[in-house]
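Working notes, beginning with the structure itself.
In each ligand, atom 1 is the first atom listed, and ligand 1 is the first ligand listed.
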Amino acid sequence: MDLGAITKYSALHAKPNGLILQYGTAGFRTKAEHLDHVMFRMGLLAVLRSKQTKSTIGVMVTASHNPEEDNGVKLVDPLGEMLAPSWEEHATCLANAEEQDMQRVLIDISEKEAVNLQQDAFVVIGRDTRPSSEKLSQSVIDGVTVLGGQFHDYGLLTTPQLHYMVYCRNTGGRYGKATIEGYYQKLSKAFVELTKQASCSGDEYRSLKVDCANGIGALKLREMEHYFSQGLSVQLFNDGSKGKLNHLCGADFVKSHQKPPQGMEIKSNERCCSFDGDADRIVYYYHDADGHFHLIDGDKIATLISSFLKELLVEIGESLNIGVVQTAYANGSSTRYLEEVMKVPVYCTKTGVKHLHHKAQEFDIGVYFEANGHGTALFSTAVEMKIKQSAEQLEDKKRKAAKMLENIIDLFNQAAGDAISDMLVIEAILALKGLTVQQWDALYTDLPNRQLKVADRRVISTTDAERQAVTPPGLQEAINDLVKKYKLSRAFVRPSGTEDVVRVYAEADSQESADHLAHEVSLAVFQLAGGIGERPQPGF
Ligand SMILES: CC(=O)N[C@H]1[C@@H](OP(=O)(O)O)O[C@H](CO)[C@@H](O)[C@@H]1O
Ligand SMILES: [Mg+2]
């Protein structure tokens with residue numbers, strides 16, 4: 001380690017005095033102008049992690065659904081997964097070290113993690129379309145270079161595409177080719193094969209309206225659309241040509257406001273979907289004949305996918321264990337439907353895809369989705385091999401189902417939740433099952449729900465996959481009493497990992513009740529958590 005060079009270059013990416021940041025649910029996120037030093041230092045850290053794991057490490061520059069002025073960075077571990085928790089702590093230490101302590105912190109991390117500094121390092125970098133992203137990714141490159149690491153800058157990529165690249169590079173190409181072409185070809189081939197098997201009946205030419213949140217998803221979907229145009233025609237909205245990133249559009253806006261994005265004309269019963277700013281989340285929606293808006297969120301996506309996979313397994317005659325992983329935000333109706341009607345085991349983890357991903361790895365087939373539309377399905381290596389064999393050996397009908405499953409496996413991005421891949425999976429399933437968006441929506445009816453934000457997140461701690469508040473004292477009892485006042489109700493609070501707020505969630509038998517309950521819980525938080533910030537007002 002050339003400590004002299006590190007000190008010299010670090011001074012060119014100086015940390016603003018007194019700024020403390022935390023590697024949160026999805027890496028570092030804050031105003032872009034405060035992030036130059038973090039980017040440089042994450043370049044350094046990626047090199048250390050690469051040396052330690054003897055693998056390629058990814059660095060993604062994005063702040064996903066946050067406003068355009070924000071930015072962020074996260075590291076991607078060897079199998080395309082989120083960074084290991086012990087390294088998240090190193091990331092926080094390194095990002096917050098004062099200039100004079102940088103050398104010591106780097107040496108500390110290297111010693112603690114037994115990093116062989118002679119080992120080669122390779123880092124791949126991707127970025128979203130924010131105006132600040134190009135310069136910030138150059139700061140990552142500066143950090144990588146000064147520690148002697150090699151790098152490949154993919155430039156503009158969706159977050160899941162970068163996860164895919166890392167996974168491909170560390171599995172000797174078995175997962176796919178680590179190029180943007182390779183990604184498009186792998187997914188499109190699987191999709192076209194699948195849709196060929198759908199029984200077409202004249203008007204079956206499928207089209208879909210896609211709100212791209214004015215983000216990277218628009219660029220990449222446009223590049224990709226001609227690869228799969230045989231099976232699906234997409235019409236892009238909020239493609240970044242005029243609007244601001246994530247402003248009044250995108251998956252986060254649609255899910256949290258429970259209304260359609262601006263800039264998209266929706267005719268009744270048309271199938272529409274929204275990506276978020278870095279294209280790792282997707283939600284679907286439509287207007288019914290009476291003009292009512294219907295949201296189809298991550299829970300219903302997980303239900304569609306797991307029921308389809310289960311049906312295929314029955315046809316093939318394989319009894320593999322399927323599990324669905326959700327968070328506390330999953331609508332109560334979805335959990336009930338999965339457990340009681342579909343008879344699929346459901347597990348609840350803390351918020352943040354890394355928690356869901358790890359739980360899903362415990363099954364032969366693990367389907368995980370956050371209610372906001374971030375998720376995918378994971379297949380164990382043994383399952384993949386078994387299905388490949390079945391697709392060659394079984395007799396006709398079973399072989400067809402095994403072939404379908406083989407293609408579906410290829411169509412999922414098993415490194416991370418991926419809006420483009422999930423969209424193609426959903427479109428393929430709807431086509432194969434001959435389902436309309438309304439029929440899909442009718443699987444179960446969501447319980448009305450409401451999410452609110454209040455201060456002060458520092459005093460809130462939780463347990464039981466964030467469903468019970470431990471501190472401040474008395475808060476959980478207060479929530480329990482409030483919940484008892486409403487039918488089919490549930491409520492919980494947790495500190496956000498990406499914003500400086502406490503998130504409040506409530507559901508009940510009517511929208512009015514869910515709104516009241518959410519407001520009352522907000523007031524309880526406000527009173528018991530020190531009365532910081534504005535007193536929550538009723539009305540939304
Ligand atoms: C309620 C909600 O949607 N929370 C989101 C949000 O996390 P918070 O910790 O709630 O701020 O951002 C995360 C990263 O994108 C995402 O994984 C998570 O689901
Ligand atoms: Mg995102």
If you take the centroid of each ring, where Trp contributes its six-membered ring, are Y329 and F492 closer together than 6.0 Å?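 Yes, the ring centres sit under 6.0 Å apart.
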Are the aromatic ring centres of Y284 and W440 under 6.0 angstrom apart? yes
Proximity of [X] to ligand 1 by residue part, where a heavy atom lies under 4.0 Å:
X: K255; answer: neither
X: H374; answer: neither
X: R281; answer: side chain
X: N372; answer: side chain

If I consider every N, O or S atom in [X], which one ends up closest to the Mg ion (ligand 2)? I only need its name.
X: D280; result: OD1
X: D278; result: OD1
X: D276; result: OD2

Using 4.0 Å as the upper bound for N to carboxylate O, is an ion pair formed by R281 and D252?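 A salt bridge is present here (some side-chain N lies under 4.0 Å from a carboxylate O).
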Q451 versus S256, side-chain donor and acceptor atoms under 3.5 Å: no
Provide the number and element of each atom of ligand 1 under 4.0 Å from a heavy atom of Y329.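 In order of number, 1 (C).
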Check whether Y347 forms a cation-pi arrangement with K359 (NZ or CZ under 6.0 Å from the six-membered ring centre, at most 45° off the ring normal).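 Flagged: K359 positioned over aromatic ring of Y347.
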Among K485, K484, R450, find the residue that satisfies the salt bridge (charged side-chain N to carboxylate O under 4.0 Å, His left out) test when tested with E520.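 Answer after filtering K485, K484, R450: K485.
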Nearest neighbour of atom 6 (C) of ligand 1 from the list V502, T498, D276, D500, on a heavy-atom basis: T498
